[in-house]
Amino acid sequence: MAEQPLISLRGLTREYRMDAETVYALRGIELAIGTNEYVAIMGPSGSGKSTLMNVIGCLDTPTRGEYWLNGTEVSRMSDDELARVRNREIGFVFQTFNLLPRATALHNVELPLIYAGTSARERRRAASRALERVGLADRMHHRPNELSGGQRQRVAIARALVNDPSILLADEPTGNLDSVTSQEIMAVFGELHTQGQTVLMVTHEADIAAHAHRVVTLLDGVVHSDSVREAA
Amino acid sequence: MRLTNLAEGAMMAMDAIRSQKLRSALTILGIIIGVATVMSMASIVQGIRGQIFNTLEVVGPTTFRILRFFSSTPLNPDALPREVRIRPVLRAEEAEAIARLPEIHYSAIWVGVFERLEYEGSRTQPTVVYGADERFMEILGGGITAGRVFTSPEARSGAPVVIIEEEAVANIFGQINPLGRTMRIAGRPFRVVGVYRKPENIFQPPGQEISAIVPFETAKRAFRYDETNSLIILVKPREGVTVARAMDATTVQLRRMRSLRPGDPNTFDMITSDQILDVFNRLTGVFFLVMIVLSSVALMVGGIGVMAIMLVSVTSRTREIGVRKALGATRREILWQFLIEAATLTLVGGAIGIVVGLTAGEVLKRLLGFETGVPVWSAVTATAVSVGIGLAFGLLPASRAARLDPIEALRYE
């Protein structure tokens with residue numbers, strides 16, 4: 001990490017004003033994440049990990065502090081600029097998959113490319129390739145309700161990958177899955193990491209976090225611990 | 001970028017329509033009714049207009065007519081206003097004098113009456129019988145398919161001879177050859193001398209088909225007629241003479257015959273085919289305006305329905321909007337997707353409305369016996385209007401969708 005890190009958070013603060021009260025979700029986060037790291041963010045509920053996830057995912061902006069992503073300061077960007085950054089740099093994987101129910105797996109994976117302005121032919125090609133990467137080449141034309149939970153999450157991962165993002169951002173990716181399927185999904189993340197993908201994952205389950213190479217624990221809106229370990 | 005977005009919006013709309021068939025159908029019902037009303041009216045009016053233009057083509061757009069008094073609705077002959085009563089009734093001599101003018105090709109006085117045709121117990125409804133001269137085809141077009149037209153002596157003397165129109169022949173004579181037979185009109189005997197065939201495409205208001213032509217003199221003696229509404233002098237200028245010049249010459253001639261001094265107003269009215277068309281246009285214009293107002297109400301109701309459904313759709317798809325935003329959709333892109341969805345909904349309604357309206361118009365035209373014509377301009381307008389309604393009434397729901405906060409939207413249950 002001698003060069004510029006992929007993600008750099010400096011004194012990141014996020015506060016919410018509720019009537020007269022001010023609630024601090026994040027109170028000065030200092031964090032740097034390099035390319036090809038596999039990081040798990042942990043912490044009890046209310047520790048600010050969801051807010052941190054939203055800020056890193058460019059869905060939310062900090063009240064104070066700086067957020068540098070890939071050499072650009074994104075903390076002061078407008079809504080539409082943030083949308084463009086999300087489209088190019090971030091791949092989201094949600095706990096509840098968040099697939100469009102009436103669209104096929106292929107079309108779900110094509111969605112980010114639609115907003116990137118990619119041509120239909122190129123979209124189809126990239127989406128098929130992403131689905132192959134997660135082992136769903138034979139399920140492309142199925143709708144979400146024809147897929148198992150694990151398959152749905154794979155579609156979501158394919159959708160997150162299709163734009164070739166700088167970071168894969170997973171929010172409790174196994175929260176709605178049984179333990180066997182969870183292991184399968186974690187294997188997919190592990191594989192992607194091996195291929196060079198930077199992965200950032202929020203979880204409250206220690207055994208899931210154990211797959212990551214670095215675990216950052218939040219408590220009351222600050223980094224409580226940050227430990228790197230070798231091998232998983 | 002915009003094009004892929006358009007396709008995505010249209011796809012979303014078709015998805016929404018497919019998944020909510022009944023709801024969508026009810027939503028666009030107002031649009032369908034509104035568009036269908038305008039389209040059927042437009043196609044009928046277009047059909048009638050087409051017929052009138054065809055007729056003018058046949059008759060020659062240069063023909064003009066002289067009336068005692070011109071009004072768009074017939075006057076009550078028993079209660080004529082003074083300005084009409086002071087005018088003299090048209091006379092055959094006047095028509096003959098006009099015919100002698102070098103500018104004029106044809107001029108004759110005609111009388112139109114409604115009478116029943118009878119032959120040995122078979123009887124028609126009251127139909128149009130013209131008292132005219134032997135050159136009536138100069139005005140009506142068409143031709144004689146059997147027998148002959150009446151001769152000048154027959155015409156002058158008021159001989160009881162008649163030329164029957166083909167369809168009327170079939171009605172009362174059936175298979176019998178009518179030539180030389182005596183039939184009755186208004187109870188008086190007439191000898192059939194010819195069978196007349198109308199030109200193709202001639203426009204006649206329903207129930208006013210020409211069914212017989214007799215000499216003017218004969219008609220004048222045999223039938224009761226209304227001197228104000230039924231008498232008419234038909235004038236056709238010579239080729240190469242403008243209508244305006246022919247009308248000037250005719251006016252001078254009539255004024256001289258009626259001894260009008262300079263400064264006196266004309267005691268007759270003269271109207272051209274264009275003026276007839278104008279009257280028709282005014283009437284259909286009012287008719288159209290009423291239809292447009294009525295169907296606008298239907299379209300407004302339809303638009304409000306679309307707005308309501310789109311608001312429901314935005315709410316029920318809050319999460320989807322959140323996902324799209326997370327994946328990189330900008331506000332503008334979300335706005336356009338929902339606008340396009342609304343416009344697609346109304347466009348489908350409009351398309352159905354066009355088909356329904358055209359079908360209804362076609363059926364009506366067939367029933368009334370008009371030639372059919374597809375009014376392209378009204379189909380284009382209807383399409384544009386329905387898309388416009390979708391965009392206008394979709395704006396509020398779409399901007400609500402565009403303004404959603406992605407974090408809130410993703411958390412929405």
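The sequence lines fix the lettering, A, B, ..., with proteins before strands; numbering per chain opens at 1.
- By the neighbour-count criterion of 12 heavy atoms within 6.0 Å, atom CZ of Arg76(A) is densely surrounded, having more than that number from other residues, nucleotides or ligands.
- With respect to chain A, the highest number of heavy-atom pairs below 4.5 Å among Asp405(B), Val323(B), Leu410(B), Leu327(B) belongs to Leu327(B).
- Residues of residues 296-309 of chain B lying under 4.5 angstrom from chain A, judged on non-hydrogen atoms, do not exist.
- Around atom CZ of Arg124(A), no more than 12 heavy atoms belonging to other residues, nucleotides or ligands sit under 6.0 Å away.
- Side-chain contact between Leu100(A) and Arg324(B) is present, with heavy atoms from C-beta onward closer than 4.5 Å.
- Between chain B and the options Pro112(A), Ala83(A), Ala103(A), the largest number of non-hydrogen pairs under 4.5 Å is found for Ala83(A).
- Contact annotation for Arg331(B): both backbone and side-chain heavy atoms come within less than 4.5 Å of a heavy atom of chain A.
- Residue Asn98(A) touches chain B through both its backbone and its side chain, counting heavy-atom pairs closer than 4.5 Å.
- Note that the CD atom of Glu333(B) and the CG atom of Asp80(A) stand 8.0 Å from one another [nearest 0.5 Å].
- Proximity to chain B (any heavy atom under 4.5 Å) is restricted, for Asn54(A), to the side chain, taken from C-beta onward.
- Of the listed residues (Ala326(B), Gly322(B), Pro406(B)), the greatest number of heavy-atom pairs within a distance under 4.5 Å of chain A belongs to Ala326(B).
- Nearest heavy atom pair, residue Lys325(B) against residue Arg86(A), reads O-NE, 2.8 Å.
- Taking a 6.0 Å sphere around CD of Gln195(A), one finds it holds more than 12 heavy atoms contributed by other residues, nucleotides or ligands.
- When heavy atoms are compared at a cutoff of 4.5 Å, Arg159(A) approaches chain B solely by way of its side chain, counted from C-beta outward.
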